[in-house]
Protein chains: 2
Amino acid sequence: MSDDQKKQLEEFESRIDQFHPGHSIDCVILGYHDRHLKILLLKWKHAELWSLPGGFVYTHESLEDAAYRVLKERTGLGSIFLSQFHTFGDVERQTAPSAPQAVMMENLYQKLPLKDPVRFRNWIQQRFITTGYFALVDFEKTEPRPDFLGERCEWIDLQQLPELLMDHDAIIKKALAQLRIQLNYLPVGLSLLPEKFTIQDLQKVYEAILQKKLDRSNFQRKILKLGFLNRHEKQMTGAANKAPFLYSFDERNYKELLTSGIGFSM
Amino acid sequence: MSDDQKKQLEEFESRIDQFHPGHSIDCVILGYHDRHLKILLLKWKHAELWSLPGGFVYTHESLEDAAYRVLKERTGLGSIFLSQFHTFGDVERQTAPSAPQAVMMENLYQKLPLKDPVRFRNWIQQRFITTGYFALVDFEKTEPRPDFLGERCEWIDLQQLPELLMDHDAIIKKALAQLRIQLNYLPVGLSLLPEKFTIQDLQKVYEAILQKKLDRSNFQRKILKLGFLNRHEKQMTGAANKAPFLYSFDERNYKELLTSGIGFSM
DNA sequence: TTTCAAAGTGTATAAATGACACAATAATGA
DNA sequence: TCATTATTGTGTCATTTATACACTTTGAAA
């Protein structure tokens, strides 16, 4: 366990009484790299088990602030596109993961250097209602950092998800469904890209989210017509062809659009 | 206080330890009557203060089941269209209602015939994160029934909301915004009407939700083309004109539509 | 100069939208 | 029977949007 993680655990244990009871946050953090949608997952120690980065809500902290905090802790990123999508409150969502999962979790808890194992147990094993947030982040800018339960924090291809803790697969599914809906009335996909990007990059993002091919020229027309992209100098690719233009996101025009309302569909 | 309410309070106090801590449910229950959208609100005792019907979640009960239970308790209705729309978790959402509101609440609590006032206080005055559900119900079929905090439970015109408890006005606003979005991809409005209704009724519902006039003949064409309305005998209105057809909702066709996906916009 | 992908433009078809007009249909009551 | 009335169905026209595809121009590199 790294020093950083020891500190996190210490902080956690010392503030365990300051958490809002029975409520957690789970973040579906999506990034885009290499033409694929990636999700930030946490690999558990001593087990081939992965989970969504999550956390708890302090008594004096709003739900949303808690989500931002978790995001910051896991990715180092500050202000980001973050959107609540659903609250999961089934009774069985954690009491009955698979039997092997229960064993893995048990193992992990036992190996933690805890000051007060009983109090830890009482906290971690209560029933949690969890609120899901999804965040779209610039892959390049993140510095994934595991929490004290994780061995490492990693970007995983959405198409190749490993075994996930509890109901985390269902949470991801719901997040994606919501994302697709939001895409129809908010040009959400932009937050997934670095500051400067090509139209083609953006199209690939849309295709990755919507899971279907889009027509290049129509896509370009539509997006540019919305008018919140600024064109910059070209990028010299070194390839034997015309270099694509770079664009960046014009937040001011975008906010005007938001107030006047967007009708948008692909 | 009625016998019924006394029973409810008794039940509540006896099971106060069985509630999931710090979490509540608030229901935005909408009905349609007299060409207006109505919302079911609870008037508090001894005060001109209204609130959304709400409740708490039992430890052994899912969030959704709790919402259904609250709905059943307030309206007598069983299976209904119910949809989670947001979870509200601001710190200040209840710690600082207006000063007068705090006094009103205090007054009410003191007048309750409680067995264990301290325990009641501890429960009711904690910080709650609340999950909002909206329900669309057939106005005619409901039998509103107040809980032990309410003097009466009543349908109020959405256009003329009274002073509301805490952040309940914001919760209602959010519910309506969500409803408008949902209307674009689910023919949600149907649940607001009695089993048999005229196309005109349905159009009025849409107009009430969307807050704008729709063209009669275009509306009719669109709705009928979707194919989940069954036409019945005419209704004799007693007026000196052709009677309108009655329609009912064909659940089977509707479910087929759901799986194949609906593209729908007004 | 050739080659290649990017970028821009054209455009034909189909579909949906919105705004109206108009005729046919029943129910009532004078 | 006939005038009155609101419902219902249909037509249509202008506009916009979606979808698919073709073709040209551009600019960087070999």
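Each chain gets a letter, A, B and so on, in the order its sequence line appears, and its residues count up from 1.
Atom P of nucleotide C:dA7 and atom CG of A:Leu229 are separated by 12 Å, given to the nearest angstrom. Rounding to whole angstrom units, CG of residue A:Leu214 and C1' of D:dA20 are separated by 13 Å. Separating the CG atom of A:Leu226 from the P atom of D:dA18 is a distance of 10 Å, rounded to the nearest angstrom. With rounding to whole Å, A:Gln200 atom CD is found 8 Å from C:dA5 atom C1'. One atom, CD of B:Glu207, and another, P of C:dG18, lie 13 Å apart when rounded to the nearest Å. With rounding to whole Å, A:Lys212 atom NZ is found 14 Å from D:dA20 atom C1'. Atoms CG (A:Leu246) and P (D:dA28) sit 13 Å apart, rounded to a whole Å. If you take CG of B:Leu202 and P of D:dT8, they are 12 Å apart, rounded to a whole angstrom.
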For nucleotides 19-23 of chain C, which of its nitrogen or oxygen atoms have a protein nitrogen or oxygen under 3.5 Å away, and what is each distance?
| residue | atom | partner | partner atom | Å |
| --- | --- | --- | --- | --- |
| C:dA19 | N7 | B:Asn218 | ND2 | 2.9 |
| C:dA19 | N6 | B:Asn218 | OD1 | 3.4 |
| C:dC20 | N4 | B:Ser217 | OG | 2.8 |

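Legend: residues meeting ring pair (Phe, Tyr, Trp, His ring centres under 6.0 Å) with A:Trp155, ordered by chain and number and at least two apart, are A:Phe139. The ring pair (Phe, Tyr, Trp, His ring centres under 6.0 Å) search around A:Phe85 returns A:Phe134, not counting sequence neighbours. Checked against salt bridge (charged side-chain N to carboxylate O under 4.0 Å, His left out), A:Glu195 has no partners two or more places apart in sequence or in another chain. Scored by the salt bridge (charged side-chain N to carboxylate O under 4.0 Å, His left out) test, A:Asp4 finds A:Arg145 as partners (sequence neighbours excluded).
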Tabulate below the donor-acceptor pairs under 3.5 Å that side-chain atoms of residues 26-39 of chain B make, not counting sequence neighbours, or state none.
| residue | atom | partner | partner atom | Å |
| --- | --- | --- | --- | --- |
| B:Asp26 | OD2 | B:Thr130 | OG1 | 2.8 |
| B:Arg35 | NH2 | B:Gln200 | OE1 | 3.2 |
| B:His36 | ND1 | B:Asp157 | OD2 | 3.4 |

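For the pair B:Lys222 and C:dT17, the criterion of a side-chain N or O lying under 4.0 Å from OP1 or OP2 is met.
Distance from the side chain of B:Gln220 is smallest to D:dT8 among C:dA7, C:dA16, D:dT8.
Looking at heavy atoms from C-beta onward, B:Pro144 lies out of side-chain contact with B:Thr75 at the 4.5 angstrom threshold.
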